[in-house]
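Working notes, structure below.
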Amino acid sequence: MEFKGQHILTSKQFDKASLLELFKTAADMESIIAKVGQTDLLKGKVMASLFFEPSTRTRFSFETAMHRLGGSVVMNFDMINSSSLTKLETLYDTGKVVSQMVDVIVARHVEKGGVVSIADGSDVPVINAGDGPGEHPTQGLLDLYTIWKEKGRLDGLTVGMVGDLKYGRVPHSQLQLLSHFDVKFVLISPEALKMPSEFSEMVEALESEDFEAHIGDMDVISMTRVQKERFDDAEEYNKYADAYILDAELMKKAKSDAIVLHPLPRVKEIAQDVDDDERAKYFDQVKNGVAVRMALLLKVLS
Ligand code: NCD
């Protein structure tokens, strides 16, 4: 795939070669961070950070990435309440206007399709930082990078995805990116929160509600929270909130060289007693995310 000048909106854009190319650049970025902290590779470039939905990691991660590349960032921390959308400006127009000022836009929106509307208007590349219950391609990229780094490969692994696979945009992006590799998928969710068929049909997957029965087969245990904000009904959410809890006791059944991923924020699905387990990689993922986003910004902008 071509990165330069492109919108990055869906995981469908990536192929195996472009993923491996991106991961090599991300590894270079990691050594730059470790050695000097900052470069001037994107000096003079400006990124707008447009988040119409809460975020801690993803926004900080993109903004840190841009700073470490020597570029600048403009943002409004409260787009929902204080942007021109309150004056009924369309997302298309917001994209058009902001793109006259900056070189790249990173956008998150509460509705599936919101980021695409911003991109439709924009004259500069737009990177999807989370599109309602749709996709979150850069989280998927950093998840795969973490697996590649930790396991040395993506082929030949059994990847378990556990939790809210219906509303979780991270599993949607992860599955599509992993579909380029020889991966066995084990999809664990309550029946009502199954992976949508548009994604599960892309791969051969074992689907089950029983985490404990399958945890021992997984090389990668990819946990996600039940996406409370996507439920209309609090009672319905409460039914599933505690469906899967990974704790130190359950980790005894996992492979000795398995890795545990989580995009965070976590609620109860990973107990804090797992944090000290050397197989827990969810805080490493956060670090890796900056390097991956640096690599992506670099490829899109230069
Ligand atoms: C995820 C997201 O926003 O989709 N978080 C993140 O970007 N690190 C996962 C989630 O909110 O559950």
Side-chain angles (χ1 to χ4, degrees), residues 8-11 26 49-66 75 77 79-80 106-116 118 126-147 159-178 187-190 193 195-196 199 220-231 237 240-246 259-271 275 280-294 296-297:
I8 305 293
L9 298 176
T10 164
S11 305
S49 185
L50 299 187
F51 279 69
F52 293 95
E53 196 188 60
S55 170
T56 302
R57 270 149 301 277
T58 306
R59 206 184 86 193
F60 278 7
S61 182
F62 268 110
E63 294 180 2
T64 305
M66 195 61 180
M75 61 92 172
F77 75 93
M79 286 302 285
I80 301 164
V106 172
R108 166 174 289 193
H109 198 267
V110 66
E111 272 162 33
K112 192 173 169 176
V115 176
V116 173
I118 295 171
V126 172
I127 302 179
N128 177 1
D131 192 23
E135 279 205 61
H136 191 352
T138 64
Q139 179 69 44
L141 290 172
L142 78 90
D143 298 339
L144 263 69
Y145 178 67
T146 304
I147 302 171
V159 177
M161 294 182 192
V162 184
D164 181 351
L165 306 183
K166 177 180 179 190
Y167 296 119
R169 55 195 174 197
V170 174
H172 303 165
S173 289
Q174 255 180 24
L175 179 136
Q176 292 181 87
L177 294 173
L178 283 168
L187 306 178
I188 307 286
S189 70
L193 299 180
M195 179 73 78
F199 301 117
V220 177
I221 305 166
S222 183
M223 303 293 296
T224 49
R225 83 189 158 93
V226 179
Q227 307 276 303
K228 185 169 190 238
E229 66 276 30
R230 313 283 177 219
F231 286 79
Y237 164 75
Y240 305 115
D242 297 339
Y244 303 109
I245 295 176
L246 182 60
I259 59 170
V260 180
L261 303 183
H262 193 304
L264 305 175
R266 69 173 148 185
V267 188
K268 286 188 248 165
E269 59 283 351
I270 301 184
D275 294 2
K281 300 295 174 195
Y282 30 94
F283 297 117
D284 302 87
Q285 277 173 274
V286 179
K287 247 189 191 163
N288 293 338
V290 175
V292 169
R293 291 183 172 115
M294 284 171 79
L296 189 64
L297 286 167

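Count residues from 1 along the sequence. Note: hydrogens, waters and symmetry copies are ignored here, and every other heavy atom, side chains too, is used. Note that ligands are numbered from 1 as they come in the structure, with each ligand's atoms numbered from 1 the same way.
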Can you produce the list of protein nitrogen or oxygen atoms under 3.5 Å from a nitrogen or oxygen of ligand 1, alongside each distance?
| from | atom 1 | to | atom 2 | distance (Å) |
| --- | --- | --- | --- | --- |
| ligand 1 | 3 (O) | Arg108 | NH2 | 3.2 |
| ligand 1 | 3 (O) | Arg169 | NH2 | 2.9 |
| ligand 1 | 4 (O) | Arg169 | NE | 2.7 |
| ligand 1 | 4 (O) | Arg169 | NH2 | 3.4 |
| ligand 1 | 5 (N) | Leu264 | O | 2.9 |
| ligand 1 | 7 (O) | Thr58 | OG1 | 2.9 |
| ligand 1 | 7 (O) | Arg108 | NH2 | 3.2 |
| ligand 1 | 7 (O) | His136 | NE2 | 2.7 |
| ligand 1 | 8 (N) | Gln139 | OE1 | 3.2 |
| ligand 1 | 8 (N) | Pro263 | O | 3.0 |
| ligand 1 | 8 (N) | Leu264 | O | 3.0 |
| ligand 1 | 11 (O) | Arg225 | NE | 3.3 |
| ligand 1 | 11 (O) | Arg225 | NH2 | 2.9 |
| ligand 1 | 12 (O) | Arg225 | NE | 2.7 |
| ligand 1 | 12 (O) | Arg225 | NH2 | 3.4 |
| ligand 1 | 12 (O) | Gln227 | NE2 | 2.8 |

Requested in this report: Please round to the nearest 0.5 Å and tell me the distance separating atom CG of Leu193 and atom OH of Tyr244.
Outcome: 8.5 Å
**Report entry** Point-to-point distance, once rounded to the nearest 0.5 Å, from CZ of Arg293 to OG1 of Thr138
**Finding:** 3.5 Å
Query raised in the report: Would you say Glu53 has more than 12 foreign heavy atoms packed within less than 6.0 Å of its CD?
Result: yes
Query raised in the report: Have Glu135 and Thr10 got a donor and an acceptor in their side chains that come within less than 3.5 Å?
Result: yes
Query raised in the report: Given side chains that start at C-beta, do those of Gln174 and Ser222 come closer than 4.5 Å, heavy atoms only?
Result: yes
Query - Residue list, ring-ring contact (aromatic ring centres under 6.0 Å, His included) with His262, at least two apart or on another chain - result: none
